[in-house]
Amino acid sequence: MAELPKNYEPSAIEPRWYAEWTARGYFHADAQAPKAPFAIVIPPPNVTGSLHMGHALGTTIEDIFTRWRRMAAYNAMWLPGTDHAGIATQMVVERELKAKEGKTRHDLGRDEFVKRIWEWRGRTGDRILEQLKTMGSSLDWERTTFTMEPQYSAAVIEAFVRLYEEGLIYRAKRLINWCPQDRTALSDLEVDYDEGVQGELYEFAYPLADGSGELIVATTRPETMLGDTAVAVHPDDPRHKSKIGKMLDHPFVDRQIPVIADPILVDPKFGTGAVKVTPAHDPNDFETGLRHQLPMISIFDEAGIVNAQGGEFAGLDRFKARKAVKARLAELRLERGSKPHVHAVGHCQRCETVVEPMLSTQWFVKMEPLAKPAIEAVEQGKTKFVPESWSKTFFHWMNNIRDWCISRQLWWGHRIPAWYCGQCQDMTIARTTPNFCGHCGAPADKLQQDDDVLDTWFSSWLWPFATLGWPNETRELKTFYPTTVLDTGYDILFFWVARMLMAGLHFMKKVPFRTVYLHTMVTDEKGNKMSKVKGNTIDPVDVIKEHGADSLRFALAWLTTHAAQGKNIKFSIGNVEDARRFANKIWNSANFVKLNLEGYDADRFADRIADGPDNAELDLPERWILSRVQRVSEEVDTALEEYRIADAAQTAYHFVWNELCDWYIELAKAGLKRAGTGPDGASARLKIQGALVTALETSMRLLHPFMPFITEEIWQQLPKPSGAPQSIMITLYPVRDVRFYDDASEASMALVQKIIVAVRAIRTEKKIPGPAKVVALLAVTDDYKKTILEGYKQIIAEQVRCSEVRVRRSGASFSGEFSLEHIATTLAGDVEVMIPLEGLVDPVAETGKLEKDLAKLENDLAYLEKKHANPKFLERAPLEVLDKDRAQMAELRAAIAKIQVALERLQASEKRR
RNA sequence: AGGCGCGUAGCUCAGUGGAAGAGCACUUCCUUGACACGGAAGGGGUCGGCAGUUCAAUCCUGCCCGCGCCUACCA
C-alpha cells in the first residue's frame, strides 16, 4: 500500500470530497423519508455578505449538529438561503451606481433602480453561499431560499395582510427613529447608543410674555428649541410654581408657548427644573405633548435640514443650526451658561449617522399580543435556550416590548401592499394589486401603492416556515416544522430569534424551534471586535486556503463552550495551527495503520469480534483500546446531546492523540514486532491490526462532524468489511457498544501505564540514555497485582526499553540479585519500582529524594487521618466518600511502608560501606 | 439607572460540595521506520478579597474590589 504524504495537505482533498458528496446527493433530505426529522434553518446571511468568522462559527456548529444527527439515522435537513438585506444591499448598489455612472437612484427612478439591484445580484451571485461550501457545510442546496424570491415574497405579503386584518398592523403618525443619511425610518433595535458621549448641558432663558421675568431651561440640543411648544416644570416646585399657566415669548419664531406642569417629565433636581418641550423631536417630549395636547412642530426635513418652521435658521443642517441658535441666543443675551454633560447618543446601525427622532406616518406591528404566547411558550419549555441564562434576557425584553415600526423609506424590499385611492382617499390592503378601490370602486388607475417597503426583519421572522412553503400546507412543513435547533449569535436574539418565536406561534400555532443555541461572538485575540477598518480581521477564506476547512472548524469547535454572557471567543490563527497539528497527527496515525496492514482481512476480524471481545481472545492492549473507544464514543455523543461542543471535540482529540497514538500505537508496534511476519504470527497480527483499524475507523466517524474532509479521506482508505457504505457520511455515528466495556482491562492497563511512566521517570531522572539496557524490579503488595504484572511484564519491558522486568511480593528480597546500594526507587501507586543502576545512583541523593517523597505521602495521609478522626465526618459524609478515602489511605500506608523499606535498604548499604 | 455574567497555571479557557484540569507557552532529554506540525519526563495555581452555611467550600449565601455585556426617555 502506498505511503501517504508525510504531512497532511488539505487543499488536495477538500474540494474533491465536497463535489463528490454533492454529486451523490448526501446533503438532501427527503420530506417523505420515514425517519425522525432533524431540521436546522441557516441564519440567512446578507446577499451582500462575504464569509467572516461569525459565519464560520455558526456554520461549523450547524454542520456539526447536522452531520451528527444525519449519521444517527435522522432525516437531517439543513436549509440554506440568503437575506435581501434592505438597506445594506441598496447602499451597495447605490455606491456602485455613483462610482460607475455618477448617478443616484433618483436619477434612475424606482423601477429601473430595483432592476439594477436584481442585475447586481445576478452578477455577484450568491458568493457567500459558495464560500459556505468551502467550509464543508452539508446544506440541502435544493432548498436554497432567497427572501425576495416570488414564493417567499408572497409569504411576506400574506403575513402582512393577515396581521392587518387581525388588527395587529396599523398605520399611524408617531415619533420614530429617523436616519437623515439613509432617509428612512428605523426600528428601535436599529439604533445603537454610544454610551457616554461628552456633550454639554446648555442653559438659556425664555422671557415671560408679561414681562415678569424669565424661565431658564437646560438642554443638550439647543437647536430643537425652534420646535418648542411648551416649557414644563414640576407642579410642586416652589421656584416655578407661580409661572405655571403663563406664556413665554419665543425669541425666533412668532409664537408664544405655555409653561405647563408635568410631574412625569420633570425631575426638579435636574438642571434648572424647567424642561423645554419639543414634541416632534424627542420621545419624552412627544409623550408630554400627547398628555397636554400640545402642538407638534417638525423643524427638520428628511435630511435633517431645518425647514420653514425654523424661521431665520431654515436651510441649516441640524448641527450648524445648533451653533447658529446658540450664537443668536447669546446676542439676545438669553444665554445662561453651560456645563459639560455626558449622555447617550443614538446612531444608525447601518451608517452611524446620529438618529433624529421625527414625527412621521409609519406602519407598526402591535407587539404585545404576539409577545404573550412567545413568553408562555418559553416558560413552558416548548422552546429552550442554550445556554439557559439567555431566557432571562429574552423575558426581560419581551415583557417590555414596544410596537415595531416596520415601514422603511427604501426601494429594495417587499413593498407594503397598501393602495390609496385618489377618489375616496381610503386605503385598500390586498394580497395582489387590486383592480378597484375596495371602498368606492374607483378603477386601478386611481390607486396609488404605498411607496414604502417592509423592514428586512419583517421577512426574516417568517424564515423557519416561509422557507418550507408556508402559507401552503406542504409536506415540508409537516415534516420539518417545528425545526429542531436554531443556532445563531446572541446579537440577534431580539432582532430575529424573539420575532421568529412570535411569528411561528402566531401563524403556525407552534414554536418554530425546540432549542435555541446562542453562540458567542468571535473577536480577535485581544478581545476586540474584528473589523476591516481596524485591520484585525481573520478571513476564513484565507484560513481555509492555507490550513483547510477542517482545521478552521476544529479550532472553532474547540473554543465553543457554553459561553457566559458578555464573553467572546478570542480567536487567533494560532488556534487554527493547533488544529492543523491535530489533523497532521491523525493523518500520520492513519499512515502508520496503513503501513501495517499486511495480510489484514477485515471480514475475518469482523467475524472474530462479532460477539464482543470475550470470544475474540484479545490481549490486554486490544481489549483496552476497544473498551476506551466505546466509552469515548459515549462521552462525545452525550456531550453533543448537551450542546457541549468543545467538550465533544476535546474528548475526541484526547482519545486520538493521547490514547490511540501515544499509547495504543506504541503498544501495537511492539505487538506486531513480536508477532513477526510469519504464518505463526498471523492470528496475533490480525487482532492487533483489527484493533488499530477499529479504533481509527471509529475515531474517524466520531470526528467526522467536526472535520468532515480528512475523516472521509482516511475512512475511504481503511479496509472495511464487505458491504460497508460508500461514504463515511452515511455510516452510523459511533454509539456505545457496552459489550466492549471492560473495566478489568482498563484497570490493568492503568496500572501498567503507571509503572511504565514510573520507570521512564527514573530513566529520565538518572539520565540513562535510550539504548542502555536496564532491569526493572517491581514490588507489589497483593497477589492480584502480582499476577497482573507477571502477565504484562513483557509489555512493560517493551515500552520502557529494559531488558527484563521482575515482579516480587513486597518483602520478598531482591538481594543477592543486585547490589542494593545502587538502586533507584520510585512509586507507581503502591507498587515499588526499582532500577538497579551500578555506579549511577548516589545513595545520599537517593536518600534525600526518597525522604522528600515520604514527607509528601505522610502529609497526605495525615490530612486524611485527621478528617477521619472527626466523628461528625464519619457520621455525615456519604459512604462512597468514606470508602474512597479509606482506599486512598490504605494505598498511602502501603506506599509509605515501601519507601521506608527502601530507605532502610540504603542505610544498611551505607553501614556496610 | 436596572438586568445578566465574569474574575481558576505566564496566556486563552474548561470544571466539580470531598485536598484542581486542558490547549498554548516554559524546562530537560530524544531524530528508535507513522508523525520534530513528533516523542518522553517535568516545573508552574493560598481557584479576586473578606465573612457565613456545611463534617467538608474553588463550587452554595452575603458583602467588597476589579472587568465585560445587554436593556433604558433623564432634559
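Residue numbers start from 1 in every chain, and the chains themselves are labelled A, B, ... in the order their sequence lines are given, proteins ahead of strands. All heavy atoms count here, side chains included; hydrogens, waters and symmetry mates do not.
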Taking the side chain of A/Asn584 as heavy atoms from C-beta outward, which of B/A34, B/C35, B/A41 is closest to it?
-> B/C35
Take the protein atom NZ of A/Lys392 and the nucleotide atom C1' of B/C69, then report the distance between them rounded to whole Å.
-> 15 Å
Which is true for A/Ala564 with a 4.0 Å heavy-atom rule: it touches a base, it touches only sugar-phosphate, or it touches nothing?
-> sugar-phosphate
Is any side-chain N or O of A/Lys567 closer than 4.0 Å to OP1 or OP2 of B/C4?
-> no
At under 4.0 Å between heavy atoms, what does A/Asn859 touch on the DNA or RNA strands: base, sugar-phosphate, or nothing?
-> base
Regarding the side chain of A/Val881, the nearest nucleotide among B/G42, B/U28, B/G18 is B/G18
How far, in whole Å, is B/C70 from B/U54 if one measures between their C1' atoms?
-> 36 Å
Pairs under 3.5 Å (Watson-Crick or G-U), crossing ones as [ ], inter-strand ones as |: RNA chain B comes out as (((((((..((((.......)))).(((((.......))))).....(((((.......))))))))))))....
Could you tell me whether the side-chain ring of A/Tyr863 sits stacked on the base of B/A19, using a centroid cut-off under 5.5 Å and a plane angle under 30°?
-> yes
Can you tell me how far P of B/C35 sits from CZ of A/Arg581, to the nearest Å?
-> 17 Å
Testing B/G5, B/A14, B/A40 for proximity to the side chain of A/Gln565, the answer is B/G5
Give one of base, sugar-phosphate or nothing for A/Lys570, where a contact means two heavy atoms less than 4.0 Å apart.
-> sugar-phosphate
Say you draw a straight line from CG of A/Asn536 to OG1 of A/Thr523; how long is it, rounded to the nearest 0.5 Å?
-> 8.5 Å
Given B/G23, B/C35, B/C70, which nucleotide is nearest the side-chain atoms of A/Phe494?
-> B/C70
